[in-house]
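Below: the structure, in C-alpha cells.
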Protein chains: 2
Amino acid sequence: MGYNEESFIKILKSKGLKVTNQRKTVLKALSSKPDQHLTAEEIYELVRVDIPEIGIATIYRTIQLLCELGLIDKLNLDDGYVRYEIGKEDKNEHHHHHLICVNCGKVLKFDDDLLDELEKQVGKTTGFIVHDHELKMYGYCRDCQNNRK
Amino acid sequence: MGYNEESFIKILKSKGLKVTNQRKTVLKALSSKPDQHLTAEEIYELVRVDIPEIGIATIYRTIQLLCELGLIDKLNLDDGYVRYEIGKEDKNEHHHHHLICVNCGKVLKFDDDLLDELEKQVGKTTGFIVHDHELKMYGYCRDCQNNRK
DNA sequence: TTATTTGCAAACCGTTTGCACCATA
DNA sequence: TATGGTGCAAACGGTTTGCAAATAA
C-alpha cells in the first residue's frame with residue numbers, strides 16, 4: 001500500500017508524459033486516504049495544502065489521467081458526486097465492494113470472492129467476457145438502527 | 001407487466017396527490033420500454049409525442065415522484081446520465097442486474113438470486129441491515145469480440 | 001528550444017427552482 | 001374555490017474547454 005513515487009514516475013515517462021509536482025501531489029493525496037472515497041472538490045482541498053495556486057481544472061485533468069493509467073478507481077455512491085479512491089496495487093487482490101447506509105450515508109467496504117464464480121457463469125450464458133464488476137449494497141448501519149429505537 | 005392505470009390512480013389518491021395527464025403519460029412511457037434504461041431527455045421525447053407542451057421540469061419532477069413511490073428505479077451506468085426503468089411489479093421477483101459492454105455501451109440484464117445469501121452474510125459480519133443491492137459487470141459483448149478479430 | 005501542462009475564466013449541460021398561471025378535486 | 005401541479009425561464013453546480021503563460025525534457 002502507500003504511494004510509490006518511483007514507479008509512478010516510471011509509468012509517466014514510459015507514456016511520454018511529464019512528471020509534474022501537480023500529478024505527484026494528487027496521487028499522493030489519494031494514497032494518503034486509502035479508505036475514503038474522495039470527490040474532486042475534496043481532492044482539491046487536500047492538494048491545495050501543498051500547492052495553493054493549483055486550479056480545479058488540473059485536478060479534473062489529473063484524476064482522469066490517473067483513471068486511464070489504472071492507478072485510481074472511479075466510484076459512484078449515488079449521492080450526486082463522482083468519487084475516487086486509490087486502486088489496489090495487487091490486481092489479483094479480492095474485489096472490494098461498498099455497503100452504503102441509506103440513512104447517514106456512511107460507506108463501509110467489504111471483500112468478496114463469491115462474484116468471481118458468478119462472473120464466469122454469466123459470461124458463459126451471455127457470451128460476454130467480463131473483466132470487472134461493481135457491487136453496492138444498501139441498508140441501515142448499526143448506529144442508525146440504534147438511534148431509531 | 002405493463003401499465004396499470006387503475007392501480008396508479010389509487011396510489012396517487014391514497015397519498016393526496018393529483019391524477020394528471022402528465023403523470024400518467026410519463027409512467028406509460030416508461031412502461032412501454034421495460035427493457036430500456038431511459039434518460040430524462042429520452043423520456044421527455046417520448047412524452048412529447050402525446051403532450052407537446054410539456055416542460056422538461058415536469059419530467060424531472062414526475063420521475064422523482066415515481067422513484068419515491070417505488071414505481072420506477074434509478075440506474076447509473078457511468079456514462080454521465082442518470083437513467084430510469086420501470087420497476088418490477090412483483091417485489092419478490094429476483095433482482096436483475098446489468099452487464100455493460102465497455103466498448104459499445106450495450107446493456108444486458110441478468111437475473112440473480114445468489115446475492116440474497118451474500119446479503120445475509122454481509123449483514124451478519126457488519127451489523128448492517130441490507131435491504132437492496134445493485135450489481136454491475138463490465139466486459140466485452142459477443143459482437144464487440146467478433147468485430148475485434 | 002519545444003511540446004506539454006497549468007491556471008484562469010468562460011462555457012457547458014444536466015438538473016433544480018421561483019413564480020405566475022392552470023387544472024384537479 | 002382552494003390546493004397542488006405545470007410551463008417557462010433563470011439559476012445552479014459539477015465538469016470541461018480555450019487559451020496564453022509556465023514548465024519539464
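The figures here come from the full heavy-atom set of this structure, side chains too, leaving out hydrogens, waters and symmetry mates. In what follows, chains carry the letters A, B, and so on, assigned in the order in which the sequence lines appear, proteins first and then strands, with residues in each chain numbered from 1.
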key: Axis bend over the full length of the helix from dT1(C)-dA25(D) to dA25(C)-dT1(D), computed from five pairs that close each end, to 10 degrees   = 30°

query = Is D143(A) salt-bridged to K106(A), cutoff N-O under 4.0 Å?
reply = yes

task = Calculate the interatomic distance between Y44(B) atom OH and dT15(C) atom P; express it in whole Å.
result = 14 Å

inquiry  = Tell me whether E42(B) contacts the main-chain N or O of T39(B) through its side chain, where contact means a donor paired with an acceptor under 3.5 Å.
reply    = yes

request  = Could you tell me the separation between the CD1 atom of I63(B) and the P atom of dT16(C), rounded to a whole number of Å?
outcome  = 9 Å

ask   = Please give, in whole Å, the distance from dT24(C) P to K13(B) NZ?
value = 12 Å

ask   = Any donor and acceptor pair, going by atom type alone, linking the side chain of K124(B) with main-chain N or O of E119(B) inside 3.5 Å?
value = no

ask   = Nearest to the side chain of T20(A), which nucleotide is it out of dT5(C), dT6(D), dG7(C)?
value = dT5(C)

query = Atom CG of L65(B) and atom C1' of dG5(D): how far apart are they, to the nearest Å?
reply = 11 Å

key: Donor-acceptor contact present, side-chain H97(A) to main-chain L135(A), <3.5 Å   = yes

message = Give the residues of residues 21-29 of chain B touching DNA chain C, defined as any heavy atom closer than 4.0 Å, sorted by residue number.
response = none

Donor-acceptor under 3.5 Å (Q145(A) side chain, G127(B) main chain) = yes

request  = State whether the side chain of T58(A) and the backbone N or O of I54(A) hold a donor-acceptor pair below 3.5 Å, judged by distance alone.
outcome  = no

ask   = Are the side chain of R23(B) and the backbone of K18(B) linked by a donor-acceptor contact shorter than 3.5 Å?
value = yes

query = Is a donor on one side and an acceptor on the other found under 3.5 Å between the side chain of R142(B) and the backbone of F128(A)?
reply = no

Side-chain donor or acceptor of K136(B) paired with backbone N/O of N76(B) under 3.5 Å = yes

key: Atom of L69(A), atom of L12(A) and distance for their closest heavy-atom approach   = CD1-CD2, 4.2 Å

task = Scan residues 47-54 of chain B against DNA chain D and write down, sorted by residue number, each residue with any heavy atom closer than 4.0 Å; if none is found, say none.
result = E53(B), I54(B)

ask   = What's the CG-C1' distance between L17(A) and dA25(D), to the nearest Å?
value = 13 Å

key: Interface residues of residues 100-107 of chain B with DNA chain C (non-hydrogen, below 4.0 angstrom)   = none

key: Atom-pair distance (NZ on K18(B); C1' on dG5(D)), nearest Å   = 7 Å

query = What integer distance in Å separates N76(B):CG from dT15(C):P?
reply = 10 Å

remark   = Nearest heavy-atom contact between Y44(A) and G55(A) is CE1-C, 3.9 Å

task = Using a strict 4.0 Å threshold on nitrogen-to-oxygen distance, state whether K109(B) and E85(B) make a salt bridge.
result = yes

Results of side chain to side chain donor-acceptor pair (under 3.5 Å) for D132(B) - residues two or more places apart only = H95(B)

message = Hydrophobic clusters here meaning ILVMFWY residues chained together by side-chain heavy-atom distances under 4.5 Å, can you tell me if I43(B) and L77(B) are in one?
response = no

inquiry  = For H37(B) together with Y81(B), are the ring centres under 6.0 Å from each other?
reply    = no

Atom pairs, protein N/O to nucleotides 13-17 of chain D N/O, distance under 3.5 Å:
| from | atom 1 | to | atom 2 | distance (Å) |
| --- | --- | --- | --- | --- |
| dT15(D) | OP2 | Y60(A) | OH | 2.1 |
| dT15(D) | O5' | Y60(A) | OH | 3.1 |

task = Could you tell me the separation between the CG atom of L12(A) and the P atom of dT6(C), rounded to a whole number of Å?
result = 10 Å

query = Taking the six-membered ring for Trp, is the centroid-to-centroid distance between H96(A) and H98(A) below 6.0 Å?
reply = yes

